[in-house]
Amino acid sequence: MSRFNDVIAVVTGAGSGIGEQTAIQLAHEGARVVLVGRTRSKLERVADNINGSVTEPVAAVFPADVTKEADVQQLGMFIKQEYGDLHVVVNNAGSSGKSSILDMEAAEWDRIQETNVKSVFLISKVLGPVMIEASEAAEQLENRAIVNVASLSGHKAGAKIPHYSSSKAAVINFTKSLALEFAPYGIRVNSVSPGFAETPLTAEGLKNKRFEEAIQRNTALSRVGKPEEIASVIAFAASREASYMTGSDLLVDGGWLIK
Ligand code: NAI
């Protein structure tokens, strides 16, 4: 039996990288997946890929900016009207940038905090009640889970990413607060903290051979990760296999932090 049969899932930032691979994995294991992101064409490419390999379409696209409350409210209404249920939410949308504290414009600070932290708050505030209602109707017998994508940078300082690392530390701790608040409704909340994975977010940096060599040197497994190696851990945290896990952060960093 597939782990996500009869499951309705939302994945944000599903148009590329880790979000794309997560959506593909959940769908291949039986879920109906709503792909959320700002660019319709990117989402449609992923949805076509997923739907092309199954008999009935299981992937739907919902273009939205997850930093905007009105967009997130519309997403909530769409889920209620189209599905009337929600089991899994993966808050994966995120952004990064490089700047020292002294050089950083306040607008850049806000952009990163809003994309990485406010979005997780908004999605939890709007989709949380949809999950709670469904959970109560099903007498908490079904698996329901939220997985927030944090980062290795939420655990350690990195050069010239004070906005990014502080935002990801916030995601890890927000996850714990939400886990406490949602536990009585039978909804588990965990975070996954990737190390370096090869995605559009890291593509520019990885063009620099010295940067890639530094990752290899600093990582116990001596290599950059693949997005599907992060997606598989997100899927685990979202599945019934992780039924006794809530408020945890799963570090998937190839052994960077232990070196
Ligand atoms: P990516 O750039 O491929 O994915 C991020 C996705 O989020 C993109 O599709 C982007 O369009 C979307 N997004 C950004 N702002 C948005 C907004 N306001 N509304 C809706 N969608 C928005 O990069 P990647 O690597 O797949 O990133 C996924 C998550 O993993 C991010 O949260 C990132 O911080 C995290 N992460 C990635 C690491 C890596 O090495 N690739 C390492 C640690 C964490």
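For the numbers below, each heavy atom of this structure counts, side chains included, while hydrogens, waters and symmetry mates do not. Predicted, not measured: the structure shown is a model, and the values here were computed from it.
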Exercise for review: Step by step, work out the side chain to side chain contact (heavy atoms under 4.5 Å, CB included) result for I187 and I132.
Suggested key: CA-CA 8 Å; I187 300 168; I132 288 170; 3.7 Å; yes
Just checking [X]: does its [atom1] atom have more than 12 heavy atoms from other residues, nucleotides or ligands closer to it than 6.0 angstrom?
| X | atom1 | result |
| --- | --- | --- |
| E142 | CD | yes |
| L141 | CG | yes |
| Q216 | CD | yes |
| K209 | NZ | no |
| K160 | NZ | no |

Review point. Is there a salt bridge (Lys or Arg N to Asp or Glu O under 4.0 Å) between D103 and K98 once you walk through the steps?
Key: CA-CA 10 Å; D103 293 336; K98 255 195 177 321; over 6 Å; no
Measuring from atom [atom1] of [X] to atom [atom2] of [Y], what distance do you get when rounded to the nearest 0.5 angstrom?
| X | Y | atom1 | atom2 | answer |
| --- | --- | --- | --- | --- |
| I230 | L250 | CD1 | CG | 11.0 Å |
| E198 | K226 | CD | NZ | 8.5 Å |
| I101 | W109 | CD1 | CH2 | 7.5 Å |
| K42 | S16 | NZ | OG | 4.0 Å |
| E108 | S95 | CD | OG | 7.5 Å |
| E212 | T202 | CD | OG1 | 9.5 Å |

Exercise for review: Salt-bridge test for D65 and K68: reply yes if a basic N is under 4.0 Å from a carboxylate O, no otherwise.
Suggested key: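 Looking at D65 and K68, the cut-off is met.
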Exercise for review: For the pair K176 and S191, evaluate side chain to side chain contact (heavy atoms under 4.5 Å, CB included) and give the outcome as yes or no after the intermediate values.
Suggested key: CA-CA 9 Å; K176 296 180 198 301; S191 54; over 6 Å; no
Going by heavy atoms in the side chains, are [X] and [Y] under 4.5 Å from each other?
| X | Y | answer |
| --- | --- | --- |
| L75 | V126 | no |
| R40 | V61 | yes |
| V33 | F4 | no |
| I172 | S193 | yes |
| N116 | K168 | yes |
| F236 | M245 | yes |
| I18 | L201 | no |
| V7 | N143 | no |

Examine [X] and [Y] and state if one hydrophobic cluster contains both, with Ile, Leu, Val, Met, Phe, Trp and Tyr joined whenever side-chain heavy atoms are less than 4.5 Å apart.
| X | Y | result |
| --- | --- | --- |
| V252 | V171 | no |
| F174 | V149 | no |
| I146 | V233 | no |
| V36 | I234 | no |
| V10 | V120 | yes |

Taking all atoms of both residues into account, what is the closest heavy-atom pair of [X] and [Y], and its distance?
| X | Y | value |
| --- | --- | --- |
| G19 | V11 | O-CG1, 3.6 Å |
| S124 | N91 | OG-ND2, 4.4 Å |
| P227 | A197 | N-CB, 4.4 Å |
| A93 | G13 | CB-N, 3.8 Å |
| H28 | S53 | NE2-OG, 3.5 Å |
| A134 | D85 | CB-OD1, 3.0 Å |

So, does [X] use its side chain to make a donor-acceptor pair with the main chain of [Y] at under 3.5 Å?
| X | Y | value |
| --- | --- | --- |
| R144 | L86 | yes |
| N148 | N190 | no |
| S135 | Y185 | yes |
| R45 | G15 | yes |
| Q113 | K118 | no |
| T115 | I112 | no |
| N92 | T12 | yes |
| R111 | S96 | yes |

Exercise for review: Under the side chain to side chain contact (heavy atoms under 4.5 Å, CB included) rule, what do L251 and L152 come out as? Steps first, then yes or no, please.
Suggested key: CA-CA 7 Å; L251 191 60; L152 165 66; 4.3 Å; yes
**Study point:** Residues E204, K207; criterion salt bridge (Lys or Arg N to Asp or Glu O under 4.0 Å); working and verdict
**Key:** CA-CA 5 Å; E204 202 48 45; K207 279 186 196 156; 3.1 Å; yes
**Study point:** Parallel, tilted or perpendicular, as decided by the 30° and 60° cut-offs, for the rings of F78 and F62
**Key:**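 Tilted.
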Exercise for review: Please work out which of the three classes, parallel, tilted or perpendicular, describes the rings of W256 and F196, given edges at 30° and 60°.
Suggested key: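 Because their plane-to-plane angle lies in the 30° to 60° range, the rings of F196 and W256 count as tilted.
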**Study point:** Between H155 and D249: side-chain donor-acceptor atoms closer than 3.5 Å
**Key:**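 H155 vs D249: donor-acceptor pair found between side chains.
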Practice item. Determine whether the side chains of S232 and Q21 contain a donor N or O and an acceptor N or O closer than 3.5 Å. Key: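 Checked: S232/Q21 side chains show no N/O donor-acceptor pair below 3.5 Å.
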Exercise for review: Show the numbers, then the answer: is there a salt bridge (Lys or Arg N to Asp or Glu O under 4.0 Å) between E229 and R223?
Suggested key: CA-CA 12 Å; E229 292 178 301; R223 65 175 176 84; 2.7 Å; yes
Check your understanding: When you look at V147 and V88, which way does the side chain to side chain contact (heavy atoms under 4.5 Å, CB included) test go after all the steps?
Key -> CA-CA 8 Å; V147 185; V88 168; 5.6 Å; no
